[in-house]
Asker: 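So that we are looking at the same thing, I have put the structure below in structure tokens.
Chain naming here is simple, since letters A, B, ... match the order of the sequence lines and numbering starts at 1 in each.
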There are 2 protein chains.
Amino acid sequence: MYANGITLIFESTNVRKNMSIKQIAKIAGVSTATVSRVLNGSDKVKNETIEQVQKVAKKLNYQRNNVARRMKVKATESLIFGLVVSDINNPFFADIARGVEEFAYAKEHVIFICNTNESTEKEIFFLNSMISEKVSGVIIAPTAGNYQLFDKLVSDRLPLVLIDRLKNSFPFDTVSINNEKGAFLAVQRLIQNGHKRIGIINGIKGLSNSEARFRGYKNALGEAGLPLIKELITYGHFREAGGREAMKKLLDLKKPPTAVFSANNLMTLGCIKEIHEQNLSIPDQIALIGFDDSTWAEALTPPLTTVKQPGYELGVNAAELLYKRLKNKDSNIMNVVLNPELIIRDSCGTNRKSS
Amino acid sequence: MYANGITLIFESTNVRKNMSIKQIAKIAGVSTATVSRVLNGSDKVKNETIEQVQKVAKKLNYQRNNVARRMKVKATESLIFGLVVSDINNPFFADIARGVEEFAYAKEHVIFICNTNESTEKEIFFLNSMISEKVSGVIIAPTAGNYQLFDKLVSDRLPLVLIDRLKNSFPFDTVSINNEKGAFLAVQRLIQNGHKRIGIINGIKGLSNSEARFRGYKNALGEAGLPLIKELITYGHFREAGGREAMKKLLDLKKPPTAVFSANNLMTLGCIKEIHEQNLSIPDQIALIGFDDSTWAEALTPPLTTVKQPGYELGVNAAELLYKRLKNKDSNIMNVVLNPELIIRDSCGTNRKSS
DNA sequence: TTTTATGAAGAAAACGATTACATTTTAAAA
DNA sequence: TTTTAAAATGTAATCGTTTTCTTCATAAAA
């Protein structure tokens, strides 16, 4: 009797091992089909039965096995979104993740986050894993290149939303920032503040966002009749160390720029460290505007002028787009473009009123 | 004929819909059991057969359906880790996530990241989802309280590794930082630099890390024979706004502190902004040491002295612990404690040599 | 009262893998 | 050559749901 008692307690709590719709059916005296109907709120079950089943389920602390569920249900109803970002340490992507998650949570979806660190190899592994896990769809900031993979994804009909970085030739929904405009605004501001030799530290060649930011830089110079000077165009691969190196290269020039536009927050940090190392003052000796606002931008001395990207909103929008796509497979492809905002602080020079 | 052609193309590319072990078996002229054996590299299959099956699998671009696999396989072999963090926007947790992911990737595991934003409600939802998805185990930085839930997890035998925040009464593996020591070092340093009125901005009451940091603060004061002054003890809930408010409260005191120890990076940022707002100079008018090093700490003026937590290592260790636990269910509980490091920069005063 | 909808519930077939057990083939030993 | 062991493969049950048919019961219509 004592032993029995113990066994009972053990079994009843060990939810992870057993506990299926079958147990509930047996105890409630109905079929598994009915239990399933009750639990999924489908029609045509007598109120009395509903109550009875729910009571048993609650008492047994039943929890649906989603793995089994996904075997039957269409992938579009798996209640899982995948999110593939390229650098989770970048606050911009952390914001995006928060946005996606917020939306997903509201819809009782769960998300799979993977971080490629710009590695195409990882990207392939993660996407394959997601397919293999039958996620409903994926939101992804793709690495550079990798076009065969995306070809395959198209033919596999995996619902996909591209974020931040676009791949024009593919029929995917997208949410991106108007990078060209953001860069334009930044460089235009530097020009307004009297700068004529303006350097750029760009991200990764071949990524749409880098290219758009470069166009914005070029256009702003062009509009002001300033020449595009080759030695002032550098790349920092979206990494802090890269930004620092690029800044060093620019400062080491015979005729260094008087202002620099840095194409993301990590590189900007590298810039600042190099500038401090060389004991130069911002903005007098070197003016600076960075892409991506960050919580710390305001705390710097001087506070950093930045192009603020709405990361959180981007995430929410992407999740919403994916959600809609799943509801309606054949609706038109949507390309959402969000506007960046120039947050003017002190790092770009003194002419703050003229805007 | 034309129509047939189109249909064929459509079907053959739609990998997402069909493509099972059965197709391979049929084409290769073997049973599904044999295919499974080949694909899982189990013994006792003729070389010839292996080659044949592999060839077919490759040609069909077969990809295992992990959902089906998880129905049969023990949860401990599901190749999925769950990771629940409390604030993905905090670089500390982003570092942890990177660490976990790196380890998991090396083992061909995939991770589910969820972000509770300190919400216990979300924590419950996410953990239930993970159980429902049959993850192998979960690495979690728990929110405050929520003890019933963890009771349930223990009896459900969900392999769990607690990180950053401990719950002493539960038999879980843990990886944490020696928070007490970190805080002690920071406050000790402030004392060495001549400070006698030292404020603390602590995190969330009831979390083990906050409490340990408080103990460190208290002990450092005690060791130096300094009194614990109630009005200098504030809380900022680990958020930037909270930190700023707390700092304001401290500065508004009749007799404000000459130095402040802030218990995480976001709150420190809030502090700095408030200090700037009030046009006070660091460290002369108010000295500051923050918990958590960040990439931007060095770029501030003056550079910020911080207690550096090895977030990445913490993540790697947690993943490794979980991995080992799955291999050996009954091995002894492990409690890994990592050491923080005081990174001395300029924000804590001038007495830099005496360490 | 009989017929006919319609509402409730059950039986059983999937979903796609893994695996215990059974069977066949092959090689070694007698 | 027969016996025996081991290797290779196949058969079929199983994991826990969902869902399509059926079937049964009840109420409305004839």
Asker: Among the candidates C/dA12, C/dT18, D/dT9, find the nucleotide nearest to the side-chain atoms of B/R69.
Answerer: C/dT18
Asker: Between C/dA17, C/dA8, D/dT20, which nucleotide has the shortest distance from any of its atoms to the side chain of B/R64?
Answerer: C/dA17
Asker: Could B/K107 and B/Y323 be counted as a cation-pi pair, given that NZ or CZ must be under 6.0 Å from the ring centre and within 45° of the axis?
Answerer: yes
Asker: Please give, in whole Å, the distance from D/dC15 P to A/Q23 CD?
Answerer: 11 Å
Asker: Kindly point out which of D/dT9, C/dT18, C/dA17 is positioned nearest to the side chain of B/V73?
Answerer: C/dT18
Asker: In terms of side-chain heavy atoms of B/K72, which of C/dG10, D/dA13, D/dT17 is nearest?
Answerer: D/dA13
Asker: What pair of heavy atoms forms the shortest contact from B/E133 to A/V67, and how long is it?
Answerer: O-CG2, 3.5 Å
Asker: According to a strict under-4.0 Å criterion, is A/N66 in side-chain N/O contact with OP1 or OP2 of D/dT17?
Answerer: no
Asker: Hey, is the side chain of B/T32 poking within less than 4.0 Å of OP1 or OP2 on C/dA17, counting only N and O atoms?
Answerer: no
Asker: What nucleic acid atoms does A/T34 come within less than 4.0 Å of, heavy atoms only: base, sugar-phosphate, or nothing?
Answerer: sugar-phosphate
Asker: Go through C/dA9, D/dT18, C/dA17 for me and flag the one nearest to the A/V45 side chain.
Answerer: C/dA9
Asker: Base, sugar-phosphate, or nothing for B/K44, non-hydrogen atoms under 4.0 angstrom?
Answerer: base
Asker: Aromatic ring centroids of B/F112 and B/F81 under 6.0 Å?
Answerer: no
Asker: Rounding to an integer number of Å, can you tell me how far B/E77 CD sits from C/dA17 P?
Answerer: 17 Å
Asker: If I take atom CD1 in residue A/I21 and atom P in nucleotide D/dC15, what distance separates them, rounded to the nearest angstrom?
Answerer: 14 Å
Asker: Within the pair B/S36 and C/dT19, is there a side-chain N or O less than 4.0 Å away from OP1 or OP2?
Answerer: no
Asker: How long is the line joining CD of A/E133 and C1' of C/dG16, in whole Å?
Answerer: 13 Å
Asker: Can you tell me the distance, in whole Å, between the CG atom of B/L39 and the C1' atom of C/dG16?
Answerer: 12 Å
Asker: Compare the minimum distances between each of C/dG16, C/dG10, D/dG16 and the side chain of A/S20, then state the nucleotide with the smallest one.
Answerer: D/dG16
Asker: Given C/dA17, C/dA8, D/dC15, identify the nucleotide with an atom nearest to the side chain of B/Y62.
Answerer: C/dA17
Asker: Just by distance, do the side chain of B/D173 and the backbone of B/M334 share a donor-acceptor pair under 3.5 Å?
Answerer: yes
Asker: Which sits closer to the 5' end of DNA chain D, B/A68 or A/V35, going by the nucleotide each is nearest to?
Answerer: B/A68
Asker: When you get a sec, tell me which of C/dG10, C/dA17, D/dA12 is the closest nucleotide to the side chain of A/V30?
Answerer: C/dG10
Asker: Could you tell me the separation between the NZ atom of A/K134 and the C1' atom of C/dC15, rounded to a whole number of Å?
Answerer: 10 Å
Asker: Can you check salt bridge (Lys or Arg N to Asp or Glu O under 4.0 Å) on B/R165 and B/E118, steps first, answer last?
Answerer: CA-CA 12 Å; B/R165 300 143 176 213; B/E118 306 289 3; 2.8 Å; yes
Asker: Which sits closer to the 5' end of DNA chain D, B/A33 or B/M71, going by the nucleotide each is nearest to?
Answerer: B/A33
Asker: Is there a donor and acceptor pair, one atom on the side chain of A/R70 and one on the base of D/dG16, closer than 3.5 Å?
Answerer: no
Asker: Write down the distance between CZ (A/R37) and P (C/dA9), rounded to a whole number of angstrom.
Answerer: 8 Å
Asker: Mind running salt bridge (Lys or Arg N to Asp or Glu O under 4.0 Å) on B/K324 and B/E320 for me, showing each step along the way?
Answerer: CA-CA 6 Å; B/K324 283 184 181 162; B/E320 194 178 345; 3.6 Å; yes
Asker: Rounded to whole angstrom units, what separation is found between the CD atom of B/E48 and the C1' atom of D/dT9?
Answerer: 13 Å
